[in-house]
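Structure record follows, encoded as structure tokens.
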Amino acid sequence: MVHKAAMAEVFITDAHRLGDHRFTVAAQWPRAHVFYRPGADGKCDPVLWLETIRQAGVYVAHRFYDVPISHQFVLAGAEFTIEDPQAPQYGSTPHTVSLDITFEPPAQDKRHLVIELAAVVRIDGRRCGRVTMRGQAIDARRYAVLRRRNAPSRASLAPFAQPSPVPLPPAAVGRQHEWDVVLAAWPDRAESWQLSLDPYHPVFFDHATDHLPGMALVEAFRQAVSLSGCRRSAPDCAPRVWALTSGAVTFDAFGELDAPVLVESRPVAGRTLGDHHFSVQADATQGDRLLASATLTGRPLLVAGSRALGSAA
């Protein structure tokens with residue numbers, strides 16, 4: 001019902017209809033997870049927020065809009081804002097999450113459902129932020145047509161003329177395990193990395209897919225912005241990790257699994273905010289095509305001992 005194969009990757013527990021297009025959805029976030037981990041400040045992982053809303057949208061579409069299980073869900077974009085700077089930290093019990101979700105009146109027929117939703121996120125009864133998400137659910141025939149129409153020419157996917165990428169150490173992007181590092185360094189080119197995905201990663205490749213998972217690109221953006229933002233904020237080379245507070249991601253094209261992807265980042269002019277917050281733009285391209293882009297806002301946190309090395313920056 002949420003298009004996951006492993007029970008450990010399912011966060012939605014229940015849902016109820018409150019009105020024609022308004023729902024309350026319950027979720028539970030585990031104290032420990034193989035990938036979604038607390039940040040350096042002990043707060044919940046913002047990427048987990050997006051994955052939970054994605055699952056909620058899929059579940060509501062199946063349960064309340066009669067979308068067949070066989071339909072494919074194509075993500076178009078998402079935005080999030082963490083409103084509560086003192087959002088609950090991980091503790092001795094799992095977090096109980098409630099989502100107050102409003103669907104825009106969807107355009108729907110038997111083969112196609114356009115999804116636009118807005119969600120208020122409450123953690124342990126406390127309002128902590130909001131997320132919006134856009135996408136569509138389509139049948140197998142329409143999905144096949146969409147994939148063929150958006151498939152790149154092989155000439156446009158010619159390999160980059162570059163040295164072999166150099167894997168980044170997990171601590172550089174606030175990760176604990178090598179397989180959670182999704183970027184490799186591009187020698188002699190600043191603020192540019194190559195996407196490096198383990199095809200057996202238990203979260204990104206929980207089930208078979210014919211394209212790059214959208215959440216893997218979100219994580220690539222998070223890691224690129226972490227690297228870029230922390231370099232900018234740490235001329236003294238003191239180790240830092242990046243804490244996200246808001247962001248917007250747009251998906252423009254399907255990414256192919258068998259061709260290199262370039263991830264680049266740059267500061268957003270005029271978007272330096274108070275309390276050391278600033279925004280960074282990131283893009284993912286494959287050949288001559290833009291796959292996705294993001295603007296992420298956050299602040300660097302000084303690493304204190306080894307605690308941050310197991311965080312999700």
Side-chain angles (χ1 to χ4, degrees), residues 1-4 11-12 15 17-25 27 46-69 71-83 97 99-121 129-140 142-143 145-147 149-150 204 209-222 225 244-255 279 281-285 289-297:
M1 293 292 281
V2 296
H3 293 207
K4 283 291 185 180
F11 304 117
I12 303 303
R17 187 193 290 271
L18 301 179
D20 287 343
H21 301 293
R22 187 181 169 205
F23 308 88
T24 182
V25 179
V47 178
L48 178 57
W49 290 42
L50 295 182
E51 171 59 19
T52 304
I53 301 302
R54 186 201 67 78
Q55 291 188 17
V58 172
Y59 182 70
V60 167
H62 285 315
R63 180 173 172 184
F64 297 104
Y65 291 96
D66 299 321
V67 171
I69 293 292
H71 272 37
Q72 297 276 354
F73 283 76
V74 180
L75 190 60
E79 297 83 36
F80 73 92
T81 300
I82 299 176
E83 298 172 345
V97 180
L99 310 171
D100 186 348
I101 294 180
T102 301
F103 272 59
E104 289 294 321
Q108 182 181 19
D109 60 36
K110 292 183 179 180
R111 298 180 302 166
H112 186 206
L113 172 69
V114 176
I115 298 171
E116 294 188 22
L117 64 86
V120 172
V121 180
R130 50 194 169 84
V131 178
T132 62
M133 193 164 284
R134 305 178 305 281
Q136 57 181 324
I138 52 181
D139 66 9
R142 185 169 296 196
Y143 178 77
V145 170
L146 185 63
R147 281 293 276 135
R149 183 185 305 155
N150 288 274
F204 298 137
T209 179
D210 66 352
H211 60 273
L212 291 173
M215 294 306 296
L217 292 176
V218 171
E219 177 61 19
F221 289 148
R222 187 246 292 273
V225 167
L244 292 179
T245 55
S246 64
V249 183
T250 301
F251 299 94
D252 297 280
F254 291 103
S279 299
Q281 172 78 31
D283 300 313
T285 56
R289 299 190 312 153
L290 176 66
L291 300 183
S293 59
T295 301
L296 300 178
T297 299

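Side-chain contact between Trp49 and Ile82 is present, with heavy atoms from C-beta onward closer than 4.5 Å. Looking only at side-chain heavy atoms (C-beta outward), His71 and Gln136 stay at 4.5 Å or farther from each other. For the pair Val58/Arg54, a side-chain contact is recorded, criterion being any heavy-atom separation below 4.5 Å from C-beta on. Between Arg134 and Glu104 there is no side-chain heavy-atom pair separated by less than 4.5 Å. Using a 4.5 Å heavy-atom cutoff, the side chains of Ile53 and Phe80 are not in contact. Counting only heavy atoms from C-beta outward, the side chains of Phe11 and Val97 never approach each other to under 4.5 Å. Side-chain contact between Phe251 and Val218 is present, with at least one heavy-atom pair separated by less than 4.5 Å. No side-chain heavy atom of Glu83 sits under 4.5 Å from any side-chain heavy atom of Val121.
When all heavy atoms of Ser293 and Asp283 are compared, the pair lying nearest together is CB-OD1, 3.0 Å. The two residues Pro68 and His62 come nearest to each other via the heavy atoms O-CE1, 3.1 Å. Minimum interatomic distance between Val60 and Val25 (heavy atoms only, all atoms of both residues): CG2-CG2, 3.9 Å.
By the side-chain hydrogen bond (donor to acceptor under 3.5 Å, both in side chains) test, Arg17 pairs with no residue at all, sequence neighbours left out. Applying the ring pair (Phe, Tyr, Trp, His ring centres under 6.0 Å) test to His211 and every residue at least two apart in sequence or in another chain returns Phe254. Considering only residues two or more places apart in sequence or on other chains, Asp210 meets the side-chain hydrogen bond (donor to acceptor under 3.5 Å, both in side chains) condition with Tyr143, Arg147.
Counting only distance, with no hydrogens or angles, the side chain of Arg222 and the backbone of Val47 share no donor-acceptor pair below 3.5 Å.
At a cut-off of 3.5 Å, with distance as the only test, a side-chain donor of Thr297 or Ser279 sits close to an acceptor on the other residue.
Separating the CE atom in Met1 from the CD1 atom in Ile69 is a distance of 5.0 Å, to the nearest 0.5 Å.
A tilted orientation is assigned to the rings of Phe64 and Phe23, their planes being inclined by 30° to 60°.
Between Arg289 and Asp252, no side-chain nitrogen of the basic residue sits less than 4.0 Å from a carboxylate oxygen of the acidic one, so the salt-bridge criterion is not met.
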